[in-house]
Amino acid sequence: MTDLPLWFDPSQVFISGQWRAPAGGDTLPVVDPSTGAEIARIARGTETDITDAIDAAEAALAGDWGAMTAAERGRILFKLGDLVLQNSDALATLEASDVGKPLKQAKNDVIALARYCEFYGGAADKLTGETIPFNAGFTVYTLREPHGVTGHIIPWNYPMQIIGRSIGAALATGNACVLKPAEEACLTALAFADLAQQAGLPAGALNVVPGLGVEAGAALTAEPRVRHLSFTGSVATGKKVQIAAAENIVPVTLELGGKSPQVVFEDADLDKALPFLVNAGIQNAGQTCSAGSRILVQRSIHDELAARLAEAISALKVAPAMDDADVGPLVSARQKGIVDGFLAQATPDQILAQAALPDGLPEGGNYIAPTLLGHLAPDHSLAQDEIFGPVQTLIPFEDEEDAIRIANGTKYGLVASVWSADGGRQMRLAKRLHAGQVFLNNYGAAGGVELPFGGVGHSGHGREKGFEALYAFTALKTVAAHHG
Ligand code: NDP
């Protein structure tokens with residue numbers, strides 16, 4: 001078992017710059033997905049803790065934090081990015097142990113978190129309003145103002161990246177944040193709060209309350225003093241968050257996953273495409289909102305691509321997170337149960353390839369063999385529903401129109417990729433694919449903290465990442481001065 005590099009007590013909540021026990025006094029287990037062993041306890045925060053966190057955030061806005069200039073906020077975020085990098089090994093170990101992510105993937109998340117701090121640190125004093133030409137005798141201008149207290153509910157699959165994109169943008173624009181991490185992934189959220197304090201973030205500007213979604217999460221969404229909600233997770237919970245936001249008339253950003261297509265035409269460079277096609281499906285054991293879980297291939301090259309994918313997927317190595325193989329365990333026994341349930345729907349001839357699970361994997365770990373499915377109608381549940389495991393579906397298409405029809409034929413629309421040497425085709429598909437991001441001859445653009453991200457349809461609405469997020473985390477005020 002890995003010794004956790006904990007320099008704080010994870011069984012406490014972080015409110016107003018102080019660590020303290022949750023009001024109810026209860027804790028929840030942290031289970032290592034690689035082994036099934038309990039490795040720590042986290043606080044079971046409840047409504048009282050959420051209320052205290054919102055009090056603290058309001059006090060920060062009325063005090064030191066609210067008085068800071070944009071440049072000062074930016075400087076704190078820069079320093080925080082440095083501290084994240086200085087603690088890179090500890091953060092990566094915490095994440096790998098907490099969510100089962102292979103160590104090098106956890107290290108990439110640390111780098112992304114630091115990049116978000118740098119990006120939003122640099123952007124803090126670049127966000128401006130505008131002057132608007134208007135009637136004679138008027139001067140009209142706009143101000144971008146923070147919402148106030150913002151609520152952040154994040155999932156367990158990419159805690160550090162989602163904290164970076166959401167908290168980074170909210171702090172850069174002067175909001176005070178209350179963060180409810182997923183009960184399965186709290187350790188790096190708590191570590192981040194401690195580092196933020198070390199970087200000079202005033203007390204109350206960032207508060208972290210671990211706990212159950214139905215308790216702490218629901219309390220946060222129900223609080224009328226929270227003036228913006230940012231949520232990443234399932235469609236079912238996203239709906240609840242949106243309904244709660246509607247009760248209080250607050251804006252909400254929802255990022256709800258997808259069933260993203262990777263569209264491969266017969267003129268594609270398959271040597272270049274292959275590693276992207278596979279990685280987009282198995283990164284973080286497929287527990288990725290933007291996973292490229294549907295591979296659409298032109299029928300003329302179907303068999304060739306199927307053979308090459310089968311070879312690559314069969315060769316994937318599965319191991320405990322700290323052994324740093326291609327694929328680690330799923331985050332929880334519950335998530336493994338969901339994925340096993342999907343796989344049970346496949347008939348033997350629909351399993352085109354499957355990696356072998358090695359002997360000696362810890363018995364309590366949540367391991368699933370990476371799998372390629374095929375011979376499925378595009379409307380089959382396995383080709384429609386988000387599986388959230390290392391499972392991809394290969395679907396043939398005839399021509400461009402057919403590819404677009406199948407690609408757009410789910411309720412989701414988060415990400416899509418097009419693999420083709422034909423520039424005109426790339427542009428046509430980029431316009432017609434239902435997605436918040438389209439990648440041409442690549443997938444994911446290496447994370448791209450600068451690139452606005454979000455979905456259409458059941459993938460959600462609103463955008464995070466890039467400069468765009470700064471608009472979401474501010475309210476625009478128009479000032480019209482009549483001076484004659
Ligand atoms: P959820 O959507 O339930 O969890 C996401 C976050 O919401 C967690 O912090 C959770 O807290 C919190 N939450 C849960 N219920 C409420 C509530 N009533 N009010 C406010 N917050 C709440 O996802 P699951 O973890 O249950 O995963 C189920 C499926 O969701 C996955 O199989 C996958 O398909 C999808 N998913 C998509 C993600 C994405 O990136 N888009 C990320 C994670 C999951 P807690 O976990 O502590 O209960």
Side-chain angles (χ1 to χ4, degrees), residues 22 27-31 33 42-47 50 98-99 101 109 151-163 165-166 178-187 189 208-223 226 229-245 247 252-260 283-291 293 330-342 366 368 381 384-391 410-415 436 453-455 457-462 464-465:
T27 59
L28 299 164
V30 175
V31 175
I42 50 157
R44 179 173 172 174
T46 52
E47 189 178 348
I50 291 291
D98 200 0
V99 305
K101 188 173 293 215
D109 289 0
H152 305 255
I153 297 177
I154 63 162
W156 39 260
N157 55 345
Y158 287 86
M160 285 191 281
Q161 295 217 26
I162 298 171
I163 286 170
R165 77 189 192 201
S166 160
V178 179
L179 167 62
K180 208 302 281 176
E183 73 205 63
E184 275 136 346
C186 288
L187 298 183
V208 183
V209 181
L212 301 176
V214 290
E215 293 178 355
L220 183 59
T221 62
E223 242 286 355
V226 174
L229 284 165
S230 167
F231 172 82
T232 303
S234 65
V235 174
T237 305
K239 280 184 191 169
K240 290 183 191 160
V241 172
Q242 180 150 353
I243 289 168
E247 286 296 332
V252 55
T253 303
L254 297 179
E255 198 271 90
L256 308 178
K259 191 74 176 177
S260 296
Q283 184 177 311
N284 198 27
Q287 303 163 114
T288 303
C289 48
S290 55
S293 50
L330 301 196
V331 71
S332 62
R334 176 174 156 255
Q335 190 62 28
K336 176 170 154 50
I338 293 174
V339 177
D340 279 336
F342 275 111
N366 312 312
I368 291 264
S381 152
Q384 287 286 317
D385 296 329
E386 185 176 54
I387 296 177
F388 236 56
V391 182
T410 74
K411 63 187 178 187
Y412 294 107
L414 190 59
V415 165
F453 177 71
H458 282 214
S459 291
H461 52 72
E464 289 190 337
K465 302 178 67 167

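Counting begins at 1 with the first residue of the sequence. One-based numbering, in listed order, for ligands and for the atoms of each. Since the model is a prediction, treat every value here as computed from it, not as a measurement.
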Quiz item: Does the ring of F231 carry K180 above it, NZ/CZ under 6.0 angstrom from centre and within 45° of its axis?
Solution: no

Quiz item: What do we get for Q335 next to ligand 1 when only non-hydrogen atoms under 4.0 Å count, side chain, backbone, both or neither?
Solution: side chain

Self-check item: Part of R44 within contact of ligand 1 (heavy atoms, under 4.0 Å)
Solution: neither

Quiz item: Can H458 and E386 be counted as having a side-chain donor-acceptor contact under 3.5 angstrom?
Solution: no

Quiz item: To the nearest 0.1 Å, how far is atom 15 (N) of ligand 1 from its closest protein heavy atom, and which atom is that?
Solution: T237 CG2, 3.4 Å

Self-check item: Donor-acceptor under 3.5 Å (D98 side chain, C186 main chain)
Solution: yes

Quiz item: Any heavy atom of G460 sitting closer than 4.0 Å to ligand 1?
Solution: no

Quiz item: Nearest protein heavy-atom contact for atom 17 (C) of ligand 1: which residue, which atom, what distance?
Solution: G213 O, 3.4 Å

Exercise. Please check if a non-hydrogen protein atom sits closer than 4.0 Å to atom 13 (N) of ligand 1.
Key: yes

Self-check item: N157 backbone acceptor or donor facing K101 side chain under 3.5 Å
Solution: yes

Quiz prompt | Ligand-side contact atoms (ligand 1) for residue partner E255, heavy atom cut-off under 4.0 Å | solution = 41 (N)

Exercise. Check each heavy atom of L220 against ligand 1 and say whether those closer than 4.0 Å belong to the side chain, the backbone, both or neither.
Key: neither

Exercise. For atom 10 (C) of ligand 1, state which one of K180, E183, H152, E386 supplies the nearest heavy atom.
Key: K180

Quiz item: Just going by heavy-atom distances, which of F388, F342, Y158, W156 is nearest to atom 25 (O) of ligand 1?
Solution: W156

Quiz item: Which ligand 1 atoms, with their elements, are less than 4.0 angstrom from a heavy-atom of I154?
Solution: 6 (C), 8 (C), 9 (O)

Practice problem: Answer with yes or no whether Q287 contacts ligand 1, where contact means a heavy atom under 4.0 Å from a ligand atom. | Solution: no

Quiz item: Would you call E255 and R165 a salt bridge, taking side-chain N to carboxylate O under 4.0 Å as the test?
Solution: yes

Practice problem: Verify whether one side chain among S260 and Y412 offers a donor that lies under 3.5 Å from an acceptor in the other. | Solution: no

Quiz item: For ligand 1, does L256 get within less than 4.0 Å through its side chain, its backbone, both, or neither, judged by non-hydrogen atoms?
Solution: backbone

Quiz item: Between E464 and S230, do the side chains contain an N or O donor and an N or O acceptor separated by less than 3.5 Å?
Solution: yes

Self-check item: Taking atom 39 (C) of ligand 1 as the reference point, the nearest protein heavy atom with its distance
Solution: C289 CB, 3.5 Å

